Amino acid sequence: MLELRLVQGSLLKKVIEAIKDLVTDANFDCSATGLSLQAMDSSHVALVALLLRSEGFEHYRCDRNISMGMNLNNMSKMLKCAGNDDIITIKGDDGGDTITFMFESPNQDKISDFEMKLMDIDSEHLGIPEAEYHAIVKMPSSEFSRICKDLSSIGDTVVISVTKEGVKFTTRGDIGTANIVCRQNKTIDKPDEATIIEMNEPVSLTFALRYLNSFTKATSLSESVTISLSSDLPVVIEYKIADMGYIRFYLAPKIED
Amino acid sequence: IIAQISIRQFYKKI
């Protein structure tokens with residue numbers, strides 16, 4: 001028996017919209033800890049890891065660990081039928097082949113339920129160890145989104161370099177080149193608008209802008225984004241989900257062949 | 001030539 005009641009249902013709507021173009025089908029793993037997901041894109045270049053902790057739900061019942069395979073496009077179709085202010089409850093039975101989404105309007109005058117077919121997904125789970133990163137950049141998520149969008153009109157790849165000067169985003173294309181440098185900026189009253197650079201050593205890595213632009217679909221989930229870089233690891237782009245958990249995107253770099 | 005590498009080259013299957 002599974003029953004998860006999420007008062008801020010819009011969070012689930014946003015999460016699915018953020019990952020559905022990257023991942024087609026995924027297993028949602030439900031345990032006492034919370035609802036989690038790990039999936040790679042079809043070309044195995046990017047990986048998404050989601051955690052919604054049980055404490056973030058108003059009611060959380062998960063009698064035993066369960067993995068539910070869902071088509072994210074179908075899930076998106078169903079969740080789009082929920083209002084932004086609706087409370088969403090996810091219900092499932094052990095061993096069942098469907099899941100039910102119940103939507104309640106804030107004043108309880110409209111209650112809908114949508115039953116979705118589950119699917120068997122043979123997905124591989126990768127172990128992601130804790131790592132020390134050469135540099136961690138925290139910046140406004142809207143700024144990061146703007147940079148990725150702007151640069152993708154000029155080039156296909158971006159070099160992200162962190163030095164003591166700041167974080168530099170560089171691209172090159174047929175029409176020319178572009179460099180955007182963001183310096184550390186802690187002086188603002190609002191911490192969400194700050195750019196904070198923690199650097200242990202300088203790092204410079206190249207990534208496909210197509211993927212970074214896809215990750216920025218999570219921008220509405222969090223005011224700030226954290227970019228963790230190491231020369232020998234995929235970049236981690238993390239959006240915190242208020243009081244509940246996170247959505248992390250891992251992207252393998254491009255290297256000189 | 002710049003080549004895209006796979007996420008699998010970094011993390012092992014569990």
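In this text, all values refer to a predicted model and were calculated from it rather than measured experimentally. Protein chains get the first letters and strands the later ones, always in sequence-line order, with residue 1 at the start of each.
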To the closest 0.5 Å, what do you measure between [atom1] ([X]) and [atom2] ([Y])?
{"X": "Ile1(B)", "Y": "Ile255(A)", "atom1": "CD1", "atom2": "CD1", "answer": "12.0 Å"}
{"X": "Leu251(A)", "Y": "Gln4(B)", "atom1": "CG", "atom2": "CD", "answer": "6.0 Å"}
{"X": "Ile2(B)", "Y": "Glu256(A)", "atom1": "CD1", "atom2": "CD", "answer": "5.0 Å"}

Which atom of Ile14(B) lies closest to which atom of Leu126(A), heavy atoms considered
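Of all heavy-atom pairs spanning Ile14(B) and Leu126(A), the closest is CG1-C, 3.9 Å.
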
Against chain A, label Lys12(B) side chain, backbone, both or neither, depending on which of its atoms sit under 4.5 Å from a heavy atom there.
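Backbone of Lys12(B) only, per the 4.5 Å heavy-atom cut-off to chain A.
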
If I measure from the heavy atoms of chain B, does Asp41(A) come under 4.5 Å with its side chain, its backbone, both, or neither?
neither

Near [X] [atom1], under 6.0 Å, is it more than 12 heavy atoms from other residues, nucleotides or ligands?
{"X": "Gln9(B)", "atom1": "CD", "result": "yes"}
{"X": "Asp120(A)", "atom1": "CG", "result": "no"}
{"X": "Asp232(A)", "atom1": "CG", "result": "yes"}
{"X": "Asp156(A)", "atom1": "CG", "result": "no"}

For residues 12-24 of chain A, pull every pair meeting side chain to side chain donor-acceptor pair (under 3.5 Å), keeping only residues two or more places apart or in separate chains.
Glu17(A)-Ser76(A), Asp21(A)-Lys217(A)

Using a 4.5 Å cut-off on heavy atoms from C-beta on, say whether the side chain of Tyr250(A) contacts that of Tyr11(B).
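Yes, at least one pair of side-chain atoms sits under 4.5 Å.
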
